[in-house]
K.L.:
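Structure in structure tokens, see below.
Chain letters run A, B, ... following the sequence lines, proteins first, then strands; residues in each count from 1.
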Amino acid sequence: MPDITKAYEPSTVESKWYAQWLESGLFSAKADSPKPAYSIVIPPPNVTGVLTLGHVLNNTIQDILARKARMDGKEVLWLPGTDHAGIATQTVVEKTLKKQGLIRHRNDLGRDRFLEKVWEWKEKHGGIIIQQLKKLGCSCDWSRERFTMDPAYARCVQRVFVDLHQKGLIYRGKRMVNWCPVSLTALSDEEVVMKQQSGLLYYFKVEVEERPGTFLTIATTRPETIPGDTAVAVNPNDERYASLIGSHVIRPFPEDLPAERRRIPIIGDGHVDFQFGTGVLKVTPAHDKADFEIGLRHKLEVLDVMNPDGSMNALAGSAWEGLDRVKARKLAAERLKDLGQLEKEEPYQNNVGFSERADVPVEPRLSEQWFLRYPSQDKSRSAVESGALKFHPERWAKVYGHWMGNLQDWCISRQLWWGHRIPVWYHNQTREVHCGLEAPADAACWTQDPDVLDTWFSAWLWPFATMGWPDNTDTLKRFYPTTDLVTGPDILFFWVARMIMAGFEYMGEMPFLNVYFTGIIRDKQGRKMSKSLGNSPDPLDLIALYGADALRFGVIRAAPLGQDVLFDEQQVELGRNFCNKLWNASRFRQLQGGQTEGEIAPELLTPDDKWILLKLDRAIVEMSEALEGYRFNEGAQVLYRFFWSEYCDWYVEATKAVFQGADDQRKANTLAVIDFILSNVLRLFHPYLPFITEELWNSLEYNQELPADQGGASIMTARWPKRLGTEFREFYGLDESDEQLVDLRCEFVTAGRNLRRHAHIPSGKKVRYVFKPSGEITPHDSNVLKLLLNAELVDVLPGYDAPKGTPVAASPMGELFLPLDGLIDIEGETARLSKELGKIEAEMEKVNQKLASPSFIEKVPAAVLEEHRKRLIDWTAKQGQVKAALEALVNP
RNA sequence: GCGCGCUUAGCUCAGUGGUAGAGCAUUACCUUCACACGGUAGGGGUCGCAGGUUCGAAACCUGCAGCGCGCACCA
């Protein structure tokens, strides 16, 4: 048996075991295994990303599920991989090259050479996050690791595109899209986040041409788009303006254009809300989605006055050309003032769409893009609605349903280079379109579409494209649909919903049976973790400092189902302390020596043994139920409570009475109980704390004599603890009364310890207690009492007549005195007992009130009534004891 | 505007009808031979507010308030 160090040192233990797990192939899933299948696909992190606390939470949960499933005897596939993350990766590489002074723009390199650089970058940084997941202990099947740009995967993406194109669900069209002026690409609606901005609402007036002297006042937040206005709209039901429909106004800009070329019509459109502003709307079809719709209805000209980067173009007039839109806005307002057309400016709060990635306002922009009408919508909706596909927590199903009910076509083309290129070619002369897996035979006559696909257009195929689709592979047959998906609610639309639709469309089945949504990790103040705030600790630093197990435990313990997690490093510290406790409790076992996992003899079991076995039983039940219900934080709390507050605080202390005694038979039996408990505890802990449990499982030799696939090779393969069945309970004579008895004794001991404090006796000093039992007491029990009370001795004196005023603790077990040899603090003791009496009588009052109510007696269930009556009896007895003690103080 | 969530000890949060809990922080004592990454004992809560249901509500219902999030083309 190797020695166990005094404090747990995780780093060497963790790297040792991870290497060994990999070597023994314990993570790899066998498609031909006879065991029932369990599978998860990892939400693929950005290939050039680094591990965040969000990843820690997410992947720890997946690892818990995977490890638990293995212990349940399942064949487990946890399929890992990474995502190419189009915009993010391309931006990072381009920025780096610029910083190094190698390019000023990616055009300097050209598409092919730039892509070479991105691949170089990927080779260099792409493995980092995978290595970090390994440090965390993730039991992924690394032999099946996938990347969304792998050739086979890319083929799947193209195949799906071609198929959806053939089905007519993918189409190309000139439409208003969300345009990111920094990334210079179209975005999907999901990549736009609305932010409230405080801006100004500008009111300017224009004269109605046909009615000189009549002015219309228009309210706008974006006067810089005036050069793009091609109409002014009013509501046809608005009495104020209806008569003006058909007349014209002259828009103020661009001033270098003659007035007759700035003449625009006044139109009537129901979209205009006459409650808002002045009820007059300027219509800019090229720069506003709603205006574009109005333009379609009225066949208005579309005048694009901006460049792709958000600066104004020549059509905005020579005065503004090249200026950024924000500068132009100021200029426009000033100029309107000069012209005498600006009536007023009002502070105004409005919602502006921001590019999620670049964090700049998006520009609605008319451009030619590829769109997808989602497939398999109905099946996907009803799968969740009916509960066939379950969300945890359930409330996300409603959000999903709402989104599914309002599906907008998905803009899937991106003006980027890094990604899956659209498999479409245009004929150089005829403009004929070819969509296929291969380029047309006479490739020279064709030009491929320059755009790539939205990253999510590859990610939505993840559950089956990683398993060998479109071939019907063994892996696919065995592990699809997957069992659980663990992800954040922030990608419910981006990824989860789309995967469901792709799953139905291409596999005819949902891609997973359950989706667990984690919370979002925030800092102590509730702010999201972000690089710019610098409030995001590096998980690897935390692992180096506290250990991976500690980090896992700390994070999971603080992460309730469906709630955001306020992260605090103290939680990790708690995890470390807990591991250390586990370590030392095992060390205590090891220091006792003796045979490993001896037989437990029922006739030698003490009440403490029975008590801890029953507590273990409860922990097994609660732990199993917590994991069933995805309540991982509850599981951590169950383990914490059982192991620390029950096993260590009470049971281990009580066993010292045995180990310090001379009864070798009983010592051996106690060791057998300890081994039984610990071997169960380690298995219960293993999904949360994989490393330390493996280390202890081996050093305590619980792996001995077990078949390799049932814990012999590794605790990973050990069986999940089963609750102690009736047979077990009967054989060992376990009974609820044992549990209650020891529970009662714990309270009694606490009360006894409390006496020392009130007598101002240092807690380290050994003292003499006198115990006046109310019934029989065994020598073993009095030994345990002595030990738990840290007493020099406990005199058991059934007929003890205490000197007046001796501090006493009362219990149904009897009375415990702390004789003080004349040093009695009458005043202090009176105060203590009076306070206790007060508490007792307050409790009695509460119970009495209930019992005094006739309707209570009539309506309450018998068991509850019985329990209340018993409670009253107990309190009354205690009241008697305390009253007597007080009496003795007052009348010595 | 619609929808969802939250409000319990100083802090972070458990607790879905029957004696208010945990961790951290705090107070006092203890370097007792598993563990100071520890031990022992304690202090601290009218469970956001107002009604209602019930023998009984932190929990169930209604309303209100505050905070947070999602969805929504109001310029």
Side-chain angles (χ1 to χ4, degrees), chain A residues 4 6-8 176 194 201 218-222 233 271-273 275-284 288-294 348 350-351 353 364 393 395-396 398-399 402-403 406 489-490 492-493 520 524 526 546 550 554 557-560 562-568 570-571 573-592 631 633-634 637 640-641 645 648-649 652-653 656 660 750-751 753-758 760-766 789-790 843 846-847 849-850 853-861 863-865 867-868 871 875:
Chain A
I4 301 186
K6 195 167 168 179
Y8 176 53
M176 289 301 284
M194 299 308 270
L201 194 55
I218 303 171
T220 180
T221 53
R222 303 199 62 189
H271 168 79
V272 180
D273 174 1
Q275 308 284 344
F276 186 87
T278 58
V280 186
L281 174 69
K282 70 188 216 44
V283 183
T284 326
D288 184 282
K289 214 175 164 189
D291 289 7
F292 180 73
E293 303 289 329
I294 295 176
Y348 185 65
N350 64 337
N351 289 322
R395 65 188 158 90
W396 293 110
K398 214 168 180 178
V399 179
H402 186 254
W403 188 77
N406 296 283
D490 47 337
L492 170 56
F493 310 141
I520 291 167
K524 264 192 277 192
Y546 300 105
R557 191 180 162 285
Q563 222 81 305
D564 286 355
V565 186
L566 296 203
F567 179 82
D568 186 336
Q570 275 185 347
Q571 288 153 352
E573 203 176 317
L574 176 125
R576 179 202 54 183
N577 295 353
F578 188 68
C579 288
N580 194 56
K581 191 75 176 177
L582 183 59
W583 184 258
N584 274 291
S586 303
R587 187 158 163 263
F588 172 79
R589 161 63 187 95
Q590 204 168 41
L591 291 172
Q592 306 309 321
R631 296 186 305 271
N633 73 314
E634 200 179 298
Q637 277 167 29
Y640 195 102
R641 184 208 65 216
S645 309
C648 290
D649 285 355
V652 170
E653 293 307 316
K656 289 177 183 171
Q660 287 169 16
T750 301
R753 287 165 174 170
N754 193 4
L755 296 179
R756 318 166 69 105
R757 173 179 145 86
H758 281 91
H760 304 294
I761 298 169
S763 48
K765 193 176 176 209
K766 296 211 184 275
L789 287 164
N790 192 28
E843 291 300 331
K846 275 199 254 178
V847 184
Q849 256 179 17
K850 284 192 181 183
S853 153
S855 51
F856 178 79
I857 308 237
E858 270 171 43
K859 294 185 181 173
V860 86
V864 177
L865 182 61
E867 194 267 330
H868 275 76
R871 210 188 289 169
W875 285 123

K.L.:
Test for a donor-acceptor pair under 3.5 Å between the base of B:A34 and the side chain of A:E653, counting only N and O atoms.
P.N.:
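Answer is yes: a donor-acceptor pair is held.
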K.L.:
Test of understanding: with ring-ring contact (aromatic ring centres under 6.0 Å, His included), list the residues that count as partners of A:W875, not counting sequence neighbours.
P.N.:
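Expected list: none.
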K.L.:
Can you tell which of B:C74, B:C4, B:A34 lies closest to the side chain of A:F276?
P.N.:
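When the side chain of A:F276 is considered, B:C74 is the closest of B:C74, B:C4, B:A34.
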K.L.:
As an exercise, state the distance from NZ of A:K282 to OG1 of A:T220, rounded to the nearest 0.5 Å.
P.N.:
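A:K282 NZ to A:T220 OG1: 4.5 Å, rounded to 0.5 Å.
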K.L.:
Considering residues at least two apart in sequence or located in another chain, which fulfil the salt bridge (Lys or Arg N to Asp or Glu O under 4.0 Å) criterion with A:R757?
P.N.:
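Not a single residue meets the salt bridge (Lys or Arg N to Asp or Glu O under 4.0 Å) criterion with A:R757.
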K.L.:
Restricting to salt bridge (Lys or Arg N to Asp or Glu O under 4.0 Å), what partner residues turn up for A:R631, sequence neighbours left out?
P.N.:
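Partners of A:R631 under the salt bridge (Lys or Arg N to Asp or Glu O under 4.0 Å) test: A:E634.
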K.L.:
Could you check whether the side chain of A:K398 and the base of B:C4 have a donor-acceptor pair of N or O atoms closer than 3.5 Å, going by distance alone?
P.N.:
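There is none.
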K.L.:
Checking A:F856 now: which residues fulfil ring-ring contact (aromatic ring centres under 6.0 Å, His included) with it, not counting sequence neighbours?
P.N.:
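A:H868.
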K.L.:
When you check the phosphate oxygens OP1 and OP2 of B:U19, does a side-chain N or O of A:K846 lie under 4.0 Å from one of them?
P.N.:
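It does not, given that no N or O in the side chain of A:K846 lies less than 4.0 Å from OP1 or OP2 of B:U19.
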K.L.:
Starting at the 5' end of RNA chain B, what dot-bracket string do you get if Watson-Crick and G-U pairs under 3.5 Å are bracketed, crossing pairs use [ ], other-strand pairs use | and unpaired bases use dots?
P.N.:
((((((((.[[[[.)..(..]]]].(((((.......))))).....[[[[[..)....]]]]])))))))....
K.L.:
Can you check each nucleotide of nucleotides 25-31 of chain B against protein heavy atoms at under 4.0 Å and return B for base, S for sugar-phosphate only, - for none, in 5' to 3' order?
P.N.:
----BS-
K.L.:
Rounding to an integer number of Å, can you tell me how far A:R576 CZ sits from B:C35 P?
P.N.:
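Interatomic distance, CZ of A:R576 to P of B:C35: 16 Å.
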K.L.:
Charged N to carboxylate O under 4.0 angstrom, A:E867 versus A:R871?
P.N.:
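Yes.
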K.L.:
Need one value for A:F292: base, sugar-phosphate or nothing, where a base atom within 4.0 Å counts as base even if backbone is also close, heavy atoms only.
P.N.:
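If one applies the 4.0 Å heavy-atom cut-off, A:F292 turns out to touch nothing in the nucleic acid.
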K.L.:
I'd like the P distance from B:U53 over to B:G1, given in whole Å.
P.N.:
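It comes out at 32 Å once rounded to the nearest Å.
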